[in-house]
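One structure is given here, and the rest of the page talks about it.
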Amino acid sequence: MKLQKTLLGMACMSTLAAGAAQADYPNRDIRVIVPAAAGGGTDAIVRKITNLAEESMPVSMYVENVAGGMTATGLLQLMDARPDGQTIAAITYDSIITIPWKDMLPGFGMDRMRMIARITQEADAITVAEDAPYQSLGDMIAAAKENPGSIRIGIQNMGARTHLTLLQLQDQTGAEFKIVSYDNSAATQKEALLNGEVDAVVTSLGDLAPLIESGQARGLVEFSDTQNEGFPNVPPVTETDTGLDLQMGSFITLVAPARTPDDVIDKLETTYHEAYETDEFQQWLTQIGVTPAWLGSEDVTEWSRDTQQQLFNTMDNLVEKGVLEK
């Protein structure tokens with residue numbers, strides 16, 4: 001009986017301590033994992049909004065880059081972290097789509113993490129060199145149909161998002177491009193476009209903003225249904241004369257380990273939303289050509305599941321047609 005009372009007392013003390021720790025959250029510095037190399041678009045956006053969020057927190061929030069495995073390395077560290085809100089991560093398209101569809105991380109699913117919020121969406125786009133003969137997406141499609149395989153387009157990794165964008169464009173139009181794969185890096189795409197190795201690249205406009213602003217390249221189309229205010233001369237695909245409604249791109253979503261308490265998720269969501277709403281962050285996004293696209297915890301959880309299922313179906317259909325390999 002004495003042993004039972006002792007164990008019961010210890011359990012109660014543990015529960016009270018856990019509750020107190022949650023009530024005091026955050027009481028230690030918060031680690032924010034970016035599962036990509038430093039210097040990229042995701043890294044810059046997460047650092048910007050986290051610096052603003054930190055201003056209303058009693059602790060420091062530090063961003064740590066954990067690259068590798070199409071974000072799988074960073075995901076593993078997130079899933080192994082304690083569900084106390086002291087470690088969170090920013091994930092993108094590959095974490096929600098590519099890794100689970102290809103089963104690159106056995107046992108991984110969206111139930112292994114809790115969504116905090118979606119910050120941005122960034123549509124894929126086709127960018128060409130300034131002296132390219134194509135003045136519109138329609139021009140490029142017509143040329144690709146007339147001379148199949150003659151137009152070289154650079155993507156980031158076979159089977160990754162930009163590859164899927166281009167495969168869908170071919171499937172929906174009947175055009176045939178020569179696909180050139182690079183190492184999941186917009187930097188190598190830039191070099192290839194500048195030295196004439198490719199005629200066009202598929203990535204976000206923000207990735208190529210310096211080239212576009214300097215006049216060395218120009219955006220041909222963005223695979224979105226909304227005009228990008230940062231690039232007013234680049235039409236969304238729904239406003240071209242092609243009749244296409246192909247919308248593809250990446251996004252940045254903040255997540256925590258599964259079983260993170262509701263009050264901790266709420267605190268993180270509120271803090272980041274306040275940072276998101278600041279004029280400084282909104283104006284900065286416009287300058288770099290990225291679309292703000294906030295969704296809170298409940299909404300982004302539903303959106304992520306719907307988006308995942310929709311793209312899984314699209315990719316499975318392309319596999320059945322022999323267009324894509326799994």
Side-chain angles (χ1 to χ4, degrees), residues 40-42 44-45 92-93 120-144 150-157 160-170 172-173 175 177-182 184-252 283-293:
T42 299
I45 292 169
T92 58
Y93 174 97
T120 62
Q121 286 197 110
E122 195 168 5
D124 284 337
I126 293 180
T127 300
V128 298
E130 178 56 35
D131 59 356
Y134 323 111
Q135 299 302 314
S136 69
L137 177 61
D139 290 346
M140 175 174 277
I141 290 172
S150 62
I151 300 175
R152 303 158 300 169
I153 299 187
I155 61 166
Q156 297 175 17
N157 282 351
R161 187 197 75 246
T162 52
H163 187 203
L164 180 59
T165 301
L166 192 53
L167 289 177
Q168 290 184 91
L169 180 62
Q170 291 186 140
Q172 293 182 23
T173 63
F177 301 100
K178 180 176 177 58
I179 300 174
V180 184
S181 175
Y182 293 96
N184 200 32
S185 168
T188 52
Q189 288 179 298
K190 292 177 189 177
E191 293 174 8
L193 189 64
L194 284 175
N195 65 28
E197 189 174 313
V198 294
D199 303 298
V201 295
V202 178
T203 189
S204 70
L205 293 172
D207 282 341
L208 299 179
L211 295 187
I212 296 172
E213 291 169 359
S214 67
Q216 295 173 283
R218 51 187 169 84
L220 207 61
V221 67
E222 192 172 45
F223 294 106
S224 168
D225 63 350
T226 305
Q227 179 64 55
N228 189 328
E229 294 182 9
F231 298 91
N233 295 325
V234 183
V237 69
T238 51
E239 293 185 12
T240 65
D241 58 3
T242 62
L244 293 171
D245 188 14
L246 170 55
Q247 298 181 44
M248 278 289 291
S250 190
F251 44 81
I252 297 176
Q283 292 171 10
W284 182 77
L285 286 182
T286 298
Q287 290 172 5
I288 64 173
V290 175
T291 303

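Note: hydrogens, waters and symmetry copies are ignored here, and every other heavy atom, side chains too, is used. When a residue number appears, it is its place in the shown sequence, counting from 1.
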Less than 4.5 Å apart, any side-chain heavy atom of [X] and any of [Y]?
X	Y	result
L167	Q170	yes
V201	I126	no
V180	I153	no
T173	T242	no
L244	Q172	yes
D199	F177	no
R218	I212	no
Y93	L164	yes

Atom pair [atom1] ([X]) and [atom2] ([Y]), whose distance is rounded to the nearest 0.5 Å:
X	Y	atom1	atom2	answer
D225	T238	CG	OG1	5.5 Å
E130	L193	CD	CG	11.0 Å
Q135	M140	CD	CE	11.0 Å
S204	Q121	OG	CD	13.0 Å
E229	Q227	CD	CD	8.5 Å
H163	T165	NE2	OG1	10.0 Å

Exercise. Kindly determine whether V237 and E222 satisfy side chain to side chain contact (heavy atoms under 4.5 Å, CB included), including the steps that lead there.
Key: CA-CA 6 Å; V237 69; E222 192 172 45; over 6 Å; no
Exercise. Output all residues satisfying side chain to side chain contact (heavy atoms under 4.5 Å, CB included) with T120, sequence neighbours left out; order by chain, then residue number.
Key: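 For T120, the residues satisfying side chain to side chain contact (heavy atoms under 4.5 Å, CB included) (neighbours in sequence not counted) are I45, I252, L285, V290.
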Quiz prompt | Set of side chain to side chain contact (heavy atoms under 4.5 Å, CB included) partners for P235, sequence neighbours left out | solution =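 Here the qualifying residues are T240.
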[X] and [Y]: which non-hydrogen atoms are nearest, and at how many Å?
X	Y	value
S150	A143	OG-O, 4.3 Å
S224	P236	O-CB, 3.2 Å
N228	G289	ND2-O, 2.9 Å
R152	G196	NH2-O, 3.1 Å
L220	Y134	CD1-O, 3.5 Å
T42	T92	OG1-CG2, 3.6 Å

Exercise. Go through the steps for F223 and Q168 under the test side chain to side chain contact (heavy atoms under 4.5 Å, CB included), then give the verdict.
Key: CA-CA 11 Å; F223 294 106; Q168 290 184 91; over 6 Å; no
Self-check item: Residues T127, T203; criterion side chain to side chain contact (heavy atoms under 4.5 Å, CB included); working and verdict
Solution: CA-CA 8 Å; T127 300; T203 189; 5.7 Å; no
Self-check item: T162 side-chain N/O to Q156 backbone N/O, donor-acceptor pair under 3.5 Å
Solution: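 At least one qualifying donor-acceptor pair exists.
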Practice problem: Look at the side chain of K190 and the backbone N and O of D207, then say whether any donor-acceptor pair between them is shorter than 3.5 Å. | Solution: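 Yes, K190 side chain to D207 backbone: donor-acceptor pair under 3.5 Å.
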Quiz item: Picking from E191, Q189, E197, what satisfies side-chain hydrogen bond (donor to acceptor under 3.5 Å, both in side chains) with Y182?
Solution: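 So the option named by the test is E197.
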